[in-house]
Amino acid sequence: MAPEPSFPQQVYAIVRKVPRGKVITYGAIAHLLGAPRKARQVGWAMATADHVPWHRVVNARGEISRRHAPDAEALQRKKLEAEGLVFDVDGRVDLERYLWLPNVRVK
DNA sequence: GATCTGACCACCG
DNA sequence: CCGGTGGCCAGAT
């Protein structure tokens, strides 16, 4: 049996592929891994994640998820803005515009 | 080992 | 889009 990469590891692999100026949602990641209901585990994976562009991961509504460290929320927004993303007054981004999915290269 | 909590989402209304 | 509910699973107490 081929030792498949652990769930968190697969999550990291996807997050690392997210290009600059784009974002991905937890649900999208879980869905890509074939576990649409496992989105929560994606969050856990991110919690222990390191050396991954975690700031490019937002929730299903395009908003920055509430985290343990309040500072990180502002930091995440700052980084995304630095990559060209625009937040609305509600602190959300247009997923239709910024959501990135693998295999679907935007020209 | 039961219970609660948590970087969440899909579904329903 | 918003709010409530159920589900999933790992970590902490």
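Lettering of chains follows the sequences in order, A, B, ..., and the numbering in each one begins at 1. Computed over heavy atoms, backbone and side chain alike; hydrogens, waters and symmetry mates excluded. Predicted model only: the values in this text are computed from it and were never measured.
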Counting C-beta onward and ignoring hydrogens, is there a side-chain heavy-atom pair between Leu95(A) and Val23(A) closer than 4.5 Å?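 Counting from C-beta outward, Leu95(A) and Val23(A) do come under 4.5 Å.
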
Could you give the side-chain donor-acceptor pairs of residues 42-49 of chain A under 3.5 Å, partners two or more places apart or in another chain?
from, atom 1, to, atom 2, distance (Å)
Thr48(A), OG1, Tyr12(A), OH, 3.3
Thr48(A), OG1, Ala45(A), O, 3.1

Quick one: [X] [atom1] to [N] [atom2], roughly how many Å, whole number?
X        : N      : atom1 : atom2 : answer
Arg66(A) : dC9(B) : CZ    : P     : 15 Å
Asp90(A) : dG3(C) : CG    : P     : 11 Å
Leu33(A) : dC9(C) : CG    : C1'   : 15 Å
Leu95(A) : dC8(B) : CG    : P     : 15 Å
Tyr26(A) : dG6(B) : OH    : P     : 15 Å

Can you list everything that forms a side chain to side chain contact (heavy atoms under 4.5 Å, CB included) with [X]? Sequence neighbours excluded, please.
X        : result
His55(A) : Pro53(A), Gln76(A), Lys79(A), Leu80(A), Glu83(A)
Ala60(A) : none
Asp71(A) : none

Quick one: side chain to side chain donor-acceptor pair (under 3.5 Å) partners of Glu73(A), sequence neighbours excluded?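 Result, side chain to side chain donor-acceptor pair (under 3.5 Å) vs Glu73(A): none returned.
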
For DNA chain C, determine which residues of residues 37-47 of chain A have any heavy atom closer than 4.0 angstrom to one of its atoms, and list them numerically.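 Heavy-atom cutoff 4.0 Å gives Arg37(A), Lys38(A), Arg40(A), Gln41(A), Trp44(A).
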
